[in-house]
There are 2 protein chains.
Amino acid sequence: MADKVTIADVARVAGVSRQTVSNALNTPEVVRPETRQRVLEVVEELGYRVNFAARQMRTGRSKLIAIRIDPAGDGVNGSVFDRFLHGLTESAAGAGYRLLLYTAADDQKEIAAFQDLLGAYEPDGFVLTSTHHKDARTSWLLERGLPFVTFGRPWSEPADVHPWVDVDGSAGTEAATEHLLAAGHRRIAFIGWPSGSGVGDDRREGWRRALAGAGLDPAGLSRETPDGIADGEAAARDLLTADPDITALVCASDSLALGALHVARSPNPAWHAEAYRRIAVTGFDDTPVAKAIGLTSVHQPLTDAAARCMDLLGRALDGTPPGNLLLPPSLVVRQSA
Amino acid sequence: MADKVTIADVARVAGVSRQTVSNALNTPEVVRPETRQRVLEVVEELGYRVNFAARQMRTGRSKLIAIRIDPAGDGVNGSVFDRFLHGLTESAAGAGYRLLLYTAADDQKEIAAFQDLLGAYEPDGFVLTSTHHKDARTSWLLERGLPFVTFGRPWSEPADVHPWVDVDGSAGTEAATEHLLAAGHRRIAFIGWPSGSGVGDDRREGWRRALAGAGLDPAGLSRETPDGIADGEAAARDLLTADPDITALVCASDSLALGALHVARSPNPAWHAEAYRRIAVTGFDDTPVAKAIGLTSVHQPLTDAAARCMDLLGRALDGTPPGNLLLPPSLVVRQSA
DNA sequence: AGGCATGATTTGATCGTTCAAGTTAAGGAA
DNA sequence: TTCCTTAACTTGAACGATCAAATCATGCCT
């Protein structure tokens, strides 16, 4: 393998000093154009590349961004994070950064991971996902003035405590509900998660808002259940049994929707002795499963979100005030609704 | 934020030299137990952590492993890589390594990425996925003596040219086919990819082997098509129309199987005027989609594969001959077959 | 007692880069 | 001519760790 080419090698061949090579690459304006040109040619010729470790020692910047990847979530919804990650890797590369992965089981473990990482690899910044109420991670990072962006807004604090990018979940469920209303549905129920989670409550709120806008009463039309196919099925069964007028189900996730769909599509439902009701179902996240089975679902612009996260983080690293950003989702209409 | 703690700080507080601190941490056996104890206490007290950049400068080891993540594949099968990645992150962490992500559009671009990475971050090793015939990447790395493991066996070269871990695809389709045979099926067709891809040919071979074992003739029972839901549907339709005796379809992927399932489950198939035939379908990869819709599928032990990859890479980094490993998949039986 | 091996610790040098300060040469003003 | 400024480039030092070699005890053997 070609031996390591250092800045000194380039300097020698180009007949200039190390520092001039460094300047030609990092501060071109202080170098005479023809010198710069010559240096760049030698850089090309020798295949020189800066050694990040050495640079990091001097400047303190590692050009690394750390992000947590969860222990093998094999669920339907795991793919949301994965799609975000794919997008972020590309945006980061465009900005000259690479992603460093780590795992952590909970907030406290993640903070411990921060400490390990900061001591060892010294990442320049962090991207946090799945923010929640009383997020210990963000306050820890804020206290220490470390640059980070969250994908997910702060749920317990004012919107401007830290930079974030999020997708407007309530707008998503609202759009889904409005789509159902436009199709003539009047009794539209919601299947979501136990209240207390920011994301879940937000999604429920969008449904409620749409019903209110149409002058409809949401009372008795909402169920709270853990995320899962079986859970969605049970909740749907419960709702449809309790209220024979329900004709549509808005769900907080594709997993729940998938379960609901089983009930909605069962040809001769035990929960209903009358003539067959066609029940519309919508999901959330537009996972591959939704696409595969024709489930109408709310799509999150994840690649875009990733790019904007990188934008904001870049600003945070520059010292520019980064701000925050709420992206609109879009409804992907398929056969299920 | 707490100022950076260096090895010199620890040395001063513990009343020893830098090198003794280094030894206490890296070569404990050369340090007197009580000295070691004292040093470790100070390390704990000050919250000292080695700075990897500095270590890397001296030792040349970065404790980083690079792995490519593909540009946002939103398909059904994307999750295979993602599950592998989750597992690998954990195994790597266990061995003191972290994963560094990069993207690349093709083999040549990936080799360029190798050069960038080696010059800049100097990863200690690489994990390559989706190996194929005439893989330019492996030969490039081999020529330069760089440590790597592939998840996927070498398809054009002898098995021992480089370390690898793979899942035995032909054993998977063979198991699926045998399961169908045991259920009484006799005309079992195969839907796979155009020949020439190692993985695809291997999966077809397993089906052929199982049929041969039962003394059955595979002639006319195989179709080659790109990977996709619509492609699977078309191929299934074609097969079932051409041969009225077919009662089961073994597919090379869950995407293909999903398409096939649409045909198999259509209540009044245009392709068949006779009484309704129940067509069994099996997929490959056991994606969330398979679980969601009750598709019998071949499951790959991805977490295990990731762990073994890390094992082998660790050996390659130590200089121990790493070898290679073919893992058996398992058939997950659901309603579809 | 002298010599020597062994164990425990310390010292100086080094990895490749960039910062900060220094040098050199050329041009302009007095 | 002399002095000063500026542009262009060079030199020495430093980042924080580990390697290699040096130092200093200590114990054992003859």
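What you see is a predicted model; the values in this text were computed from it and never measured. Reminder, nothing fancy here: chain letters follow the sequence lines and each chain counts from 1.
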S.K.: As a quick check of understanding, evaluate salt bridge (charged side-chain N to carboxylate O under 4.0 Å, His left out) for A:Arg12 and A:Asp9, giving each step before the final call.
M.R.: CA-CA 5 Å; A:Arg12 191 171 351 93; A:Asp9 298 324; 2.7 Å; yes
S.K.: Can you give me the closest heavy-atom contact between B:Ile7 and B:Arg18, atom names plus distance?
M.R.: CD1-O, 3.7 Å
S.K.: Would you indicate whether the side-chain heavy atoms of A:Phe52 and A:Thr59 approach each other to under 4.5 Å?
M.R.: no
S.K.: Which of these, A:Arg153, A:Gln300, A:Arg308, sits in a side chain to side chain donor-acceptor pair (under 3.5 Å) with A:Asp166?
M.R.: A:Arg153
S.K.: Give a yes-or-no answer on whether the side chains of B:Asn324 and B:His162 include a donor-acceptor pair shorter than 3.5 Å.
M.R.: no
S.K.: Angle between the end axes of the helix from C:dA1-D:dT30 to C:dA30-D:dT1, five pairs per end, to the nearest 10 degrees?
M.R.: 60°
S.K.: Less than 6.0 angstrom from the centroid, inside 45 degrees of the normal: does B:Lys63 satisfy that with respect to the ring of B:Tyr97?
M.R.: yes
S.K.: Tell me, yes or no, whether the heavy-atom count around A:Glu44 atom CD, taken from other residues, nucleotides or ligands under 6.0 Å, exceeds 12.
M.R.: no
S.K.: Scan nucleotides 7-17 of chain C against the protein and return all N/O pairs shorter than 3.5 Å with their distances rounded to 0.1 Å.
M.R.:
residue, atom, partner, partner atom, Å
C:dT9, OP1, B:Arg32, NE, 3.4
C:dT9, OP1, B:Arg32, NH2, 3.2
C:dT9, OP1, B:Thr35, OG1, 2.4
C:dT9, OP2, B:Arg32, N, 3.0
C:dT10, OP2, B:Ser17, N, 2.6
C:dT10, OP2, B:Ser17, OG, 2.8
C:dT10, OP2, B:Thr20, OG1, 2.7
C:dG12, N7, B:Arg18, NH2, 3.4
C:dG12, O6, B:Arg18, NH2, 2.6
C:dA13, N6, B:Arg18, NH2, 3.4
C:dT14, O2, B:Arg58, NE, 3.3
C:dG16, N2, A:Ala54, O, 3.3
C:dT17, OP1, A:Tyr48, OH, 2.6
C:dT17, OP1, A:Asn51, N, 3.2
C:dT17, OP2, A:Ile7, N, 2.4

S.K.: For a quick test of reading the model, state the closest non-hydrogen atom pair linking B:Leu317 to B:Arg61 and the distance between them.
M.R.: O-NH2, 3.7 Å
S.K.: Centres of the B:Phe151 and B:Trp164 rings: under 6.0 Å?
M.R.: no
S.K.: Please list, in 5' to 3' order, the outermost nucleotides of DNA chain D lying under 4.0 Å from any heavy atom of chain B.
M.R.: D:dG16 to D:dA20
